[in-house]
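Just so we're clear, the structure is a prediction, and the values are computed from it rather than from any experiment. Quick note: numbers below take in every heavy atom, side chains included, and nothing from hydrogens, waters or symmetry partners.
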Amino acid sequence: MTEKILVEIAWPYASASIHVGNITGSHLPADIYARYHRLKGNDVVMVSGSDSHGTPVTVKADAEGTTPLEVSKKYHQEFVELFQKLGIHYDQYTTTHTENHFKVAQSFFLALKENGFLYEETQKQWYSEKADRFLPDRYVEGTCYICGAEGARGDQCDHCGSMLDSTLLKDPISKMDGSTPVLKETTHFFLDLSKLEDQVVSFLESKQEFWRANVVKQSLGWIKAKGLLGRPITRDLEWGIPVPVEGWDGKCMYVWFEAVIGYLSATIEWDKLGDENAKWEDFWLNPDAKASHFIGKDNIPFHAIMWPAQLLGAGETFCKIFGEGQGKLTLPYDVPANEFMNMEDRKISGSKNWGVWGLDFLSRYDPDPLRFYLTINMPETRDSNWDWDDFVRRNNDDLVATWGNLANRVLSFTHKKWDGIIPEPGQLSEADNALLDSIEKGFDTVGNLIEEVKLRAALSEAMRLASEVNKYLDDTAPWTLVKTDPQAAATTVYVAIKAIDSLKTMLSPFLPFTSEKLNSYLRAGQPLFGEQYTQTVQDNLGEHTVLRYKATGTGQWKPSDLKGGIAFQKPEPLYKKLEKEVAEEERARLN
RNA sequence: GGCGAGGUAGCUCAGUUGGCAGAGCGGGGGACUCAUAAGCCCUAGGUCGUGGGUUCAAGUCCCACCCUCGCCA
């Protein structure tokens, strides 16, 4: 049965470069999952985009003396370039600053309003008369009213660790312009989460056996602690999506509320730009569709509590207001949140330049070694650590030695002794069949692990199978056999090539570039995967670039059916060994 | 402070319902030579964060504490 698989990745803020922690946290696991399902023949749509709105973008623009639009466009272009070079195959990577997203988000807002899940409330907030605007809590500094420490932020005091009520902060100063802010009343829309609490709780309870423990337990624990309270969904901002209600000029939707709606709007944009087979309704109004959110642990409450609440609240009314489709919006199938990756035992930090940035890495190294290291070290159950010595070691001792060398030794040997033609096998021995059976079972084992998003284990299992082929070769020793029994040696080599051809498929979600290269040796003109391309979209807000995917791949998640007698080109090594000194050089780049 | 996750071999991590502590890599030794001095075989190693408790039996269950990370509308 063909499944509808929606793969949704947390939207990166268009105000800072993407580092290895971001990649291993969400984009990479999502891509591996999506590629696997594409090979399985399922209908996959993988969506995300740049979060163009929000305070970080505005702050960056102020700092650089430019506009939020320019800042967001610059980072968006950078992200699109990175995903292409790293092979993150988005069907639709867009931005939140599009006419389409505005319309979807506003319809969503109005659906919640019509269904009675919004209310208005007036609160006091710091206001800079100098800049003529309200200040986000974390951009107000002052003296902590609990411990008396200076330099406390409006939302938290780093000295005593307390969460603060920003309006009680003493001697406040605006971090944006250095002025002394004043408290001013402002009215906002709130999402009435208390009315949705019961539905969210039963939704989470239904996922208890299936979702990762940290996701379910943290979410249920949060709700149990205080209950779900109303939460503001609008802010006093110029830059963002206007509140679609008369008399609300100068107010925009809060990004936490608006950005997650991007999953829906990106799918709708994908539909509009695609052919008649591309239907957003198949993924959003279909209870059997499987929608998974790939996020970091900091984002759990927004995807496991807020977003389900938003979807439940909008319900069938969204379609009515939006004017397309009919039915209830589908709730998430899974939220496989990852923990964090540290850099050389310290937290990754953009401002301290402590990290490895995706594009910078790819200017010196190939994408697959990065994907390999980030997968085998993925922070699935606890924080993990990027260590340059470990990177070099994993590259040389695992990737090159176990898998790269296996492919190279077999293909080189065959090319030398059989003139570049895969030999015809004779009768298969017990050992031959045992190896091929083992590999065949691997498709189920590895596939199931990927479906459960246990990607470290999945990759380890595939590597273990590669190791099994190495053992098989040493046991059968075709380089000796070829001197005494050429037909037996031919059979052995054929079996080994078939095993490698299968492993290439099994590893291709993880290592797409080198798998494609290996595949091209054996099946010229039959690529495993499709192609990425960019497209410029014009609308009332200007133009934006989207990254899209053309599904022209021929790869299938099943054992090799390669026949003897096929000519193949002389192989080149798939990976490079790295000098040990690389680790020292790279560490010197930090900070 | 509250909630959640994590703490197991030198390193990175597995350990399902309690039942003789596991893997990969690194270290030590060996046979081979197709291969990127890669691969294969053998081997060494651990007070399972700490302290109590339950049990015939605890990495696993209970209590307290320590450390790391995240969240707290």
Side-chain angles (χ1 to χ4, degrees), chain A residues 25 137 146 155-156 160-164 190-191 193-194 212-233 254 256-257 295-302 304-306 309 337-342 345-347 373 376-387 389-417 454 456-457 459-461 463-464 466-483 489 492-493 496 571-578:
Chain A
D137 285 348
I146 294 172
D155 55 346
Q156 185 175 19
C160 66
S162 306
M163 304 300 301
L164 304 180
F190 282 61
L191 179 60
L193 289 157
S194 63
R212 290 182 185 176
N214 59 342
V215 178
V216 183
K217 289 192 180 169
Q218 196 201 137
S219 304
L220 284 172
W222 177 345
I223 297 171
K224 246 180 272 168
K226 293 178 188 165
L228 280 181
L229 306 176
R231 187 181 166 109
I233 61 168
Y254 214 148
W256 75 261
F257 172 83
I295 61 170
K297 63 175 162 182
D298 54 333
N299 241 328
I300 289 172
F302 292 104
I305 299 175
M306 304 300 165
N338 273 335
E339 305 284 313
F340 284 173
M341 175 173 269
N342 291 318
D345 296 319
R346 280 166 52 187
K347 211 182 286 190
Y373 184 63
I376 211 72
N377 224 357
M378 203 165 261
E380 291 178 337
T381 56
R382 67 183 90 172
D383 288 354
S384 67
N385 187 43
W386 174 294
D387 179 289
D389 287 313
D390 195 42
F391 171 75
V392 172
R393 189 191 68 66
R394 290 277 192 185
N395 178 74
N396 292 353
D397 301 334
D398 288 348
L399 187 58
V400 173
T402 305
W403 168 236
N405 181 59
L406 170 63
N408 196 42
R409 71 191 288 206
V410 172
L411 293 186
S412 296
F413 180 64
T414 309
H415 210 272
K416 208 180 291 177
K417 300 288 181 185
K454 293 177 178 167
R456 289 175 78 125
L459 180 53
S460 297
E461 176 61 13
M463 291 299 285
R464 192 190 63 73
S467 193
E468 233 177 83
V469 183
N470 274 318
K471 280 188 185 74
Y472 165 85
L473 282 170
D474 272 70
D475 289 345
T476 52
W479 46 88
T480 308
L481 207 54
V482 73
K483 295 167 192 161
T492 296
V493 161
E572 283 171 19
L574 297 174
Y575 310 98
K576 299 184 199 102
K577 275 197 83 164
L578 295 171

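G26(B) and G15(B): their P atoms are spaced 23 Å apart (whole Å). For the C1' atom pair drawn from G27(B) and G10(B), the interatomic distance equals 9 Å after rounding to whole Å. Annotation: A21(B) and A14(B) have their C1' atoms spaced 12 Å apart (nearest Å). Taking the C1' atom of each, C11(B) and C71(B) are spaced 30 Å apart, rounded to whole Å. Rounded to whole Å, the C1' atom of G39(B) lies 15 Å from the corresponding atom of G30(B). Between the P atoms of G52(B) and U12(B), the separation comes to 28 Å (whole Å).
Of all nucleotides present, only G1(B) satisfies the Watson-Crick or G-U wobble test against C72(B), with each distance under 3.5 Å. G51(B) is paired with C63(B) under the criterion used here, namely a Watson-Crick or G-U wobble arrangement in which both key atom distances are under 3.5 Å.
Ring geometry for F413(A) against W479(A) counts as perpendicular: the plane angle is over 60°, on a 0 to 90° scale with 30° as the lower cut.
Here L574(A) lies in heavy-atom contact (under 4.0 Å) with a base. Here A225(A) lies out of heavy-atom contact (under 4.0 Å) with every strand. Contacts of G25(A) with the nucleic acid, taken as non-hydrogen atoms under 4.0 Å apart, are absent. Contact annotation for L228(A): base contact, defined as any heavy-atom pair under 4.0 Å involving a base atom. Nucleic acid contact class of S467(A) (heavy atoms, under 4.0 Å, all strands): sugar-phosphate only. As judged by a 4.0 angstrom heavy-atom cut-off over every strand, P573(A) is placed among the base-contacting residues. Among the protein residues, D475(A) comes within range of no part of the nucleic acid, since none of its heavy atoms lies under 4.0 Å from any strand.
A distance-only check finds a donor-acceptor pair linking the side chain of D383(A) to the backbone of F340(A) [under 3.5 Å]. No donor-acceptor distance shorter than 3.5 angstrom exists from the side chain of S219(A) to the backbone of I305(A), with no hydrogens or angles considered. With hydrogens and angles ignored, the 3.5 Å screen pairs no side-chain donor or acceptor of R231(A) with any backbone N or O of L191(A). Looking only at distances, a side-chain donor or acceptor of N470(A) sits under 3.5 Å from a matching main-chain atom of T402(A).
The nearest whole Å value for the distance from the CD1 atom in I300(A) to the P atom in C69(B) is 17 Å. Atom C1' of nucleotide C25(B) and atom CG of N395(A) are separated by 14 Å, given to the nearest angstrom. The distance from atom CD1 of I305(A) to atom C1' of C72(B) is 10 Å, rounded to the nearest whole Å. Atom P of nucleotide A35(B) and atom CG of N405(A) are separated by 10 Å, given to the nearest angstrom. For the pair F257(A) CZ and A73(B) C1', the interatomic distance rounds to 15 Å; values are reported in whole Å. In this structure, D389(A) atom CG and G27(B) atom C1' are separated by 16 Å, rounded to whole Å. Separating the CG atom of L411(A) from the C1' atom of G39(B) is a distance of 15 Å, rounded to the nearest angstrom. A straight line from CG of D387(A) to C1' of C25(B) spans 13 Å, rounded to a whole angstrom.
Under the rule for a salt bridge (Lys or Arg N to Asp or Glu O under 4.0 Å), R382(A) has no partner lying at least two apart in sequence or in another chain.
Of the listed nucleotides (C72(B), A38(B), G70(B)), C72(B) has the atom at the smallest distance from the side chain of W222(A).
In this structure G45(B) sits in the syn conformation; its chi angle is within 90° of 0.
For the OP1/OP2 pair of C71(B) and a distance below 4.0 Å, the side-chain nitrogens and oxygens of S219(A) include no atom meeting the criterion. Phosphate proximity of C3(B) to K226(A): absent, as no side-chain N or O sits under 4.0 Å from OP1 or OP2.
One finds the CZ atom of F391(A) at 8.5 Å from the OH atom of Y373(A) (value rounded to the nearest 0.5 Å).
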Sugar-phosphate means primed atoms, P, OP1 and OP2; the rest is base. With that split, encode nucleotides 5-15 of chain B 5' to 3' as B, S or - using protein heavy atoms under 4.0 Å. SSSB---SSS-
Please enumerate all protein N or O atoms sitting under 3.5 Å from an N or O of nucleotides 31-34 of chain B, with distances to 0.1 Å.
{"from": "C34(B)", "atom 1": "O3'", "to": "K416(A)", "atom 2": "NZ", "distance (Å)": "3.4"}
{"from": "C34(B)", "atom 1": "O2'", "to": "R409(A)", "atom 2": "O", "distance (Å)": "3.2"}
{"from": "C34(B)", "atom 1": "O2", "to": "R409(A)", "atom 2": "NE", "distance (Å)": "3.0"}
{"from": "C34(B)", "atom 1": "N3", "to": "R409(A)", "atom 2": "NE", "distance (Å)": "3.3"}
{"from": "C34(B)", "atom 1": "N3", "to": "R409(A)", "atom 2": "NH2", "distance (Å)": "2.5"}
{"from": "C34(B)", "atom 1": "N4", "to": "R409(A)", "atom 2": "NH2", "distance (Å)": "3.2"}

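Using a 4.0 Å cut-off between charged nitrogen and carboxylate oxygen, K471(A) and D474(A) do not count as a salt-bridge pair.
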